[in-house]
Student: 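Questions regarding the structure given below will be posed in turn.
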Amino acid sequence: MGIIESRMFESLTEAQISAVKTVDGPLLILAGPGSGKTRVVTHRTAFMIQSGVPARRILTLTFTNKAADEMQTRLKDLVGESGVWTSTFHKFCSRTLRAYGDHVGLEENFTIYDAADSQKALKQTIEEHRFELFKYSPNQILNKISELKNQLVNADEFQTRPGAPLDAIVQRIYPLYQKRLLQSNAVDFDDLLLHVAKLLIDNPEVRQELDARYQYISVDEYQDTNYAQYVILKMLSMDYRNLAVTGDPDQSIYGWRGANIRNILDFEKDFPETTVVRLEQNYRSTPNILEVADHLIEYNTQRKEKHLFTDRKEGIPVKLVAFPSQNDEVNVIAESIHRQITNGSRNARDIAIFYRTNSLSRNLEHSLRTLGIPYQIVKGHEFYQRREVKDILAYLHLINNPRNDVAFERIINVPSRKIGKVTIDRIKAYAHQFGVCLLEAALNCEKIATLKGNAKKNIKKFAEMMMRLRETATELVSTIITKIYLETGYRDVLLSTENQEDAERAANLDELLNAAHEFDLEYGELGGLDIYLDQASLVSDVDAWDQDDDKVTLMTLHAAKGLEFPVVYIVALEDGILPHSRSMETDSEIEEERRLFFVGITRAMEELQISRSLYRSQKGRLWPTIPSTFLMELPREKMEVHEPRRAGSEFGDDAFGTMDSDDDYSQQDHYQDPVFGDAAADDSATTNVDETEFTGQFPKGDGIPFEIFGEQTGRPPIESEPAVASGDRLPDLEDASAGLSLDSTGEETDSKSSAETTPGSPSSSAPLIQTAAEMLEGNHDGEAVDQEPPIQLPPSAFSPNMLVSHPSYGVGRILSISAAGSKETATVDFVAIGQKKFVLAFCPLRPIVE
DNA sequence: AAGTTGGAAGTTTTT
DNA sequence: CTTCCAACTT
């Protein structure tokens, strides 16, 4: 062992070695981002095996299959095939329940309901008992039940708080929902943990047995465990207290799912004999990136003080950029990525873009696709959420577990069998009356008096077909699926139409079959229908991410945890997005949002750009944004900042209200101003690069009036993006030097980029604004229209002889200006169409900075 | 019974 | 903007 041991340790630091060598007793590894945590855990496991711990006594728990697979692979590299069980929490619980489920009323072929299934089950419960929900949604009730389950509160244990109407409703529904799940031999996600925890609490002999089986347990991402998981770990570590947990309180981002950051903060109280190892050296990021992360996270109070350090070279500054519009944001990022890839400085796989909400990926996708940049969106559920896939899975579920009523209802009439709602209701009534599942009721359709004629015949046919399919349950999954296709004709129906969409669906079904075939090959004897369905139910988003695929990665900040990329973009640092509007109520929610941002920042190895947009569309409307408060918490003097900055002096007075001119964010005040709004402020905006003055990054006259309450004026909110004028190409990540030189010269314009972008080129001629009428006509591309969209500009922004651009008429030169004040009018000579007159206060003219 | 249409509502993160 | 659901038509 000596030789192996020394080779194994040679690449580790002292702190890491001490963690690796602590095999017995509780161990807490506080591992900062990029501190080589996975290496430590795998080396530690390898060390245990070499020290003689039987591999089957070791259990490694992670949150995602991706993480579990990686551990497995890396362990294999160290010690070869070992037989250590590496699993996600949920999968571990599922396996445990398939063996011991009888203690909690489950048969081994139970079904795992996903979120949609759970919601259907809840809705069925509500419908069946005719509950009045008042103002509450099924989802709110489900969330509450989920919360209770995470706290291991059973249906019969729930104490309502006085004066909480939701509690009262939940108290009545929860037991019935739970009863329905058990009757269907089904569990929801939370049940997987709840049942196992209860099983261990209520059955000392089982607890003892499992404790002895898993004598060495190690847990990844411990900061994200909830109470149920905590109890499970505790119960499994009573006789054999060899519990090693790894985590970072600063990366706890699943509080909303019941994760309790106290689990890690209080670990030493729970296990007083704990060995604590701190891994604070970061091997991933440059000092510049690390400092931004460190500076930010200092604002949190709920944490263990930790100081990240690194040996790495300083690298380039982190960029902080404000874009005029979200289209600019995504386009500039996409162009930047495009350049990096085409000039060979980066591979697509080196680059990632993170966002707070999935909906933000849409624009990014569009921009990347336009430039032909390969990308992958990390959203693992997507495939399994497709209708056709869910339908076939429902057949599989029903074959595996005939009591799965949700599956039954899903496919009883898919493909169409002329079985309608009335018929189904009659089956349900019978099932309810006799306490049987829907499939059994269907089998007994002869006995259902209300059914007759064709309805009865069709039901019977369906039930008999299901019984035939049931006989295939023990065959290979791919065989079962093939038989489903044959018996139901589902795939043929799709192929029989000319419909392109149906063809795609059929192709997806082929893919499903292929995947099942691969599963059969991979798992062999260890596979089987229930294992397969577990796989399908317990995928996490990040599981779908393919590290080796040479594509730009797009993912949520949540999904990004545990990963790293040389180049990272984080977008939409805006109030209400990050921090998210639904997570701004309490300090602890804000702190979690801050940790989420911290996680995003610390994924970056070499380059990082953080951006926001001055406008963002939501629900199809364009709104002005407020910068995220987190942006104020960054060490701006160490960063490369491209933010619009208020310069009231531009127009000689403080027409836009009082503000603290030293504070970039004081412009927030202007979002309240119904007349000039922030857009006016942005007009005058200068860009602050490293706190120096105007650099011309933002054009004058890109002002857009807006109404906070768009409806009140009868005019819809702005529905098109405010465009960037030519020559105002924003700095991007790979353009660091350009941005910095601007800074140093203090020059007003970026002549280099204005030369690149000719006025009138597609990227610079997007319409400033469209009226509702234009929208209706689909006039998006700046064709001349009679109606001039109203744009307000500060009067003094124009002067004779100035070059201007108009979204419809293109480029022109101002000939003269008349009648000063609010009716100030300009006569403009357009290159394309000749002279035109405009009232300056209400026209979309913008100066072209020369 | 099935398909179509209209309106309303909801939109965080995910095992 | 999207999705879901209810009411309507065929």
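Each chain gets a letter, A, B and so on, in the order its sequence line appears, and its residues count up from 1.
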Student: Taking ring pair (Phe, Tyr, Trp, His ring centres under 6.0 Å) as the definition, give me every residue that meets it alongside A/His580, ordered by chain and number, with sequence neighbours left out.
Tutor: none
Student: If the C1' atom of B/dT13 is compared with that of C/dC4, how far apart are they to the nearest Å?
Tutor: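 Each nucleotide's C1' atom is 22 Å from the other's.
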Student: Using OP1 and OP2 only, check whether a side-chain N or O of A/Thr556 sits under 4.0 Å from B/dT14.
Tutor: yes
Student: Which nucleotide in the list B/dT14, B/dA2, B/dT12 gets nearest to the side chain of A/Arg257?
Tutor: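 Looking only at heavy atoms from C-beta outward on A/Arg257, the closest nucleotide is B/dT14.
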Student: Using the salt bridge (charged side-chain N to carboxylate O under 4.0 Å, His left out) criterion, which residues pair with A/Arg594? Sequence neighbours excluded.
Tutor: A/Glu633
Student: Tell me, please, which residues at least two apart from A/Thr246 pass side chain to side chain donor-acceptor pair (under 3.5 Å).
Tutor: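 A/Thr246: no side chain to side chain donor-acceptor pair (under 3.5 Å) contacts found.
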Student: Answer yes when A/Lys37 and A/Glu221 have at least one side-chain N-carboxylate O distance shorter than 4.0 Å, and no when they do not.
Tutor: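 Result for this pair is yes, salt bridge flagged.
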Student: Tell me which residues in residues 415-424 of chain A put a heavy atom below 4.0 Å from DNA chain B, sorted by number, or none.
Tutor: A/Ser416, A/Lys418, A/Ile419, A/Gly420, A/Thr423
Student: Find every protein N or O atom lying less than 3.5 Å from an N or O atom of nucleotides 4-8 of chain C, and list the pairs.
Tutor:
{"unit_1": "C/dC5", "atom_1": "OP1", "unit_2": "A/Lys123", "atom_2": "NZ", "d": "3.0"}

Student: On DNA chain B, check which nucleotide each of A/Ala455 and A/Lys91 is closest to and give me the residue with the more 5' one.
Tutor: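 The residue mapped nearer the 5' terminus is A/Ala455.
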Student: Take the protein atom CZ of A/Phe63 and the nucleotide atom P of B/dT13, then report the distance between them rounded to whole Å.
Tutor: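 Going from CZ in A/Phe63 over to P in B/dT13 covers 19 Å.
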Student: Could I get the full list of ring pair (Phe, Tyr, Trp, His ring centres under 6.0 Å) partners for A/Tyr299, not counting sequence neighbours?
Tutor: none
Student: Quick one: salt bridge (charged side-chain N to carboxylate O under 4.0 Å, His left out) partners of A/Arg410, sequence neighbours excluded?
Tutor: A/Asp391
Student: Enumerate, in order of first residue number, the stems that involve DNA chain B, defined as 3 or more consecutive Watson-Crick or G-U wobble pairs with both distances under 3.5 Å.
Tutor: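 So far as stems of 3 or more pairs are concerned, DNA chain B shows B:1-10 with C:1-10.
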Student: Counting only side-chain heavy atoms from C-beta out, which of C/dT2, B/dT13, B/dT15 sits nearest to A/Phe189?
Tutor: B/dT15
Student: Going by an N to O cut-off under 4.0 Å, is there a salt bridge joining A/Glu329 and A/Arg612?
Tutor: no
Student: Could you tell me the separation between the CD atom of A/Gln251 and the CD atom of A/Glu592, rounded to the nearest 0.5 Å?
Tutor: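 A/Gln251 atom CD to A/Glu592 atom CD measures 12.5 Å (nearest 0.5 Å).
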Student: Excluding sequence neighbours, so at least two apart, what forms salt bridge (charged side-chain N to carboxylate O under 4.0 Å, His left out) with A/Lys91?
Tutor: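 Per chain and number, A/Lys91 pairs via salt bridge (charged side-chain N to carboxylate O under 4.0 Å, His left out) with no residue.
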Student: Parallel, tilted or perpendicular: which describes the rings of A/Phe630 and A/Phe597, with under 30° parallel and over 60° perpendicular?
Tutor: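 Ring orientation, 0 to 90° scale: parallel.
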Student: Looking only at side-chain atoms of A/Asn413, point me to the closest of B/dT12, B/dA2, B/dT15.
Tutor: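 Selected nucleotide (nearest to the side chain): B/dA2.
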Student: Would you say the base of B/dT15 stacks on A/Phe89 (centre-to-centre below 5.5 Å, plane angle below 30°)?
Tutor: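 Per 5.5 Å and 30° rule: no stacking.
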Student: Of all residues at least two apart in sequence or in a different chain, which pass the salt bridge (charged side-chain N to carboxylate O under 4.0 Å, His left out) check with A/Glu589?
Tutor: none
Student: Can you list every pair that meets salt bridge (charged side-chain N to carboxylate O under 4.0 Å, His left out) and has a residue in residues 185-197 of chain A, with sequence neighbours left out?
Tutor: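 Counting only pairs at least two positions apart or across chains, the salt bridge (charged side-chain N to carboxylate O under 4.0 Å, His left out) contacts touching residues 185-197 of chain A are A/Lys149-A/Asp188, A/Lys149-A/Asp191.
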Student: Quick check for you: among C/dT2, B/dT14, B/dT13, whose closest atom lies nearest to any side-chain atom of A/Arg362?
Tutor: C/dT2
Student: Please tabulate, one pair per line, each protein N/O and nucleotide N/O from nucleotides 6-8 of chain B that are separated by under 3.5 Å, including the distance.
Tutor:
none

Student: For A/Trp256 and A/Tyr254, take the angle between the two ring planes, folded into 0 to 90°, and tell me which bin it lands in: parallel under 30, tilted 30 to 60, perpendicular over 60.
Tutor: tilted
Student: For the residue pair A/Phe565 and A/Phe354, categorise the inter-ring angle as parallel (less than 30°), tilted (30 to 60°) or perpendicular (more than 60°).
Tutor: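 Ring orientation, 0 to 90° scale: perpendicular.
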Student: Flag as yes if A/His558 stacks onto the base of B/dT13 (centroids under 5.5 Å, planes under 30°), otherwise no.
Tutor: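 Taking the rule of under 5.5 Å and under 30°, the ring of A/His558 does not stack on B/dT13.
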